[in-house]
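For reference, the structure discussed in these notes is given below.
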Amino acid sequence: QVQLVESGGGLVQAGGSLRLSCAASGRTFSSRAMGWFRQVPGKEREFVAGVSWSTSLTSYSDSVKGRFTISRDNAKNTVFLQMNNLKPEDTAVYYCAAGGLRLRLGVLDGQVDYWGQGTQVTVSS
């Protein structure tokens with residue numbers, strides 16, 4: 001019913017910047033929040049940032065706070081993740097998710113309606 005398509009990943013040197021985009025498409029889109037998560041092989045998918053569609057209230061993990069900024073374009077059903085001062089430990093596949101309100105806080109259980117396919121971010125030292 002709804003597809004989430006991420007873009008903007010790539011290879012960047014430490015200290016550089018990337019902007020990820022996640023566009024939602026479908027006949028209807030009624031999710032209350034969007035979030036960015038990342039995952040590396042052998043690790044659990046971890047919360048990065050989230051935003052509420054209605055209030056624009058945002059949340060960030062401690063590891064990215066001050067470096068990453070999540071934003072959204074309500075008219076285009078698109079969420080962005082501006083990543084500055086990237087570090088090698090930021091290397092991961094980044095996924096966007098759409099779902100319930102608590103997804104903004106990084107809650108996955110019962111909150112995710114859709115996942116994007118992921119986009120690779122690689123930060124070299």
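Residues meeting the ring-ring contact (aromatic ring centres under 6.0 Å, His included) test with Phe37, sequence neighbours left out: Phe47, Trp115. Residues meeting the side chain to side chain donor-acceptor pair (under 3.5 Å) test with Ser71, sequence neighbours left out: none. Here Ser54 pairs with Ser52 under the side chain to side chain donor-acceptor pair (under 3.5 Å) rule; sequence neighbours left out. In this structure, Arg104 has no salt bridge (charged side-chain N to carboxylate O under 4.0 Å, His left out) partners at least two apart in sequence or on a different chain. Under the side chain to side chain donor-acceptor pair (under 3.5 Å) criterion, Arg67 pairs with Asp90, sequence neighbours left out. With sequence neighbours excluded, no residue forms a ring-ring contact (aromatic ring centres under 6.0 Å, His included) with Phe80. With sequence neighbours left out, Ser63 forms a side chain to side chain donor-acceptor pair (under 3.5 Å) with Arg38, Ser61. The salt bridge (charged side-chain N to carboxylate O under 4.0 Å, His left out) check on Arg45 picks up nothing, with sequence neighbours excluded.
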Determine, step by step, whether Val51 and Val79 satisfy the side-chain contact (heavy atoms from CB on, under 4.5 Å) criterion, reporting the C-alpha distance in whole Å, the side-chain angles of both residues, the deciding distance to 0.1 Å, and the verdict. CA-CA 8 Å; Val51 62; Val79 65; 3.9 Å; yes
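Linking ILVMFWY residues whenever their side-chain heavy atoms come closer than 4.5 Å, directly or via other members, leaves Val93 and Val123 in distinct clusters. With hydrophobic clusters built from ILVMFWY side chains whose heavy atoms lie under 4.5 angstrom apart, Ile70 shares a cluster with Met83. In the hydrophobic clustering of this structure, Val48 groups with Leu4; members are Ile, Leu, Val, Met, Phe, Trp, Tyr whose side-chain heavy atoms approach within less than 4.5 Å, directly or through other members.
Between Trp53 and Arg32, the closest side-chain pair of non-hydrogen atoms is not below 4.5 Å. Proximity of Val40 to Thr91: side-chain heavy atoms (C-beta onward) are nowhere separated by under 4.5 Å.
Applying the disulfide bond (SG atoms under 2.5 Å apart) test to every pair with at least one member in residues 58-93, sequence neighbours left out, gives no pairs at all. Identified under the salt bridge (Lys or Arg N to Asp or Glu O under 4.0 Å) test for residues 75-84, with sequence neighbours left out: none. Residue pairs that meet the disulfide bond (SG atoms under 2.5 Å apart) test with at least one member in residues 37-125, sequence neighbours left out, are Cys22-Cys96.
Between the side chain of Tyr95 and the backbone N or O of Gly35, no donor-acceptor pair lies under 3.5 Å. The backbone N or O of Leu11 lies less than 3.5 Å from no partner atom in the side chain of Thr122, so there is not a single donor-acceptor pair. No side-chain donor-acceptor contact under 3.5 Å links Ser31 to the backbone of Ala33.
A donor-acceptor pair shorter than 3.5 Å can be found between the side chains of Glu6 and Gln117. In summary, the side chains of Asp73 and Thr78 do not present any donor paired with an acceptor at a separation below 3.5 Å, with no hydrogens or angles considered.
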Could you go through residues 105-114 and list every donor-acceptor pair under 3.5 Å that involves a side-chain atom there, pairing it with any protein atom two or more places apart or in another chain?
unit_1 : atom_1 : unit_2 : atom_2 : d
Gln111 : OE1    : Arg102 : N      : 3.2

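Going from atom CG of Leu86 over to atom OG of Ser17 covers 6.0 Å, rounded to the nearest 0.5 Å. We find the CG-OH distance between Leu81 and Tyr60 to be 8.0 Å, quoted to the nearest 0.5 Å. To the nearest 0.5 Å, atom CE of residue Met34 and atom OG1 of residue Thr58 are 14.5 Å apart. The OH atom of Tyr94 lies 10.5 Å from the OG1 atom of Thr119; values are rounded to the nearest 0.5 Å.
For Gln3, the CD atom is loosely surrounded, since the number of other residues' heavy atoms within 6.0 Å does not exceed 12.
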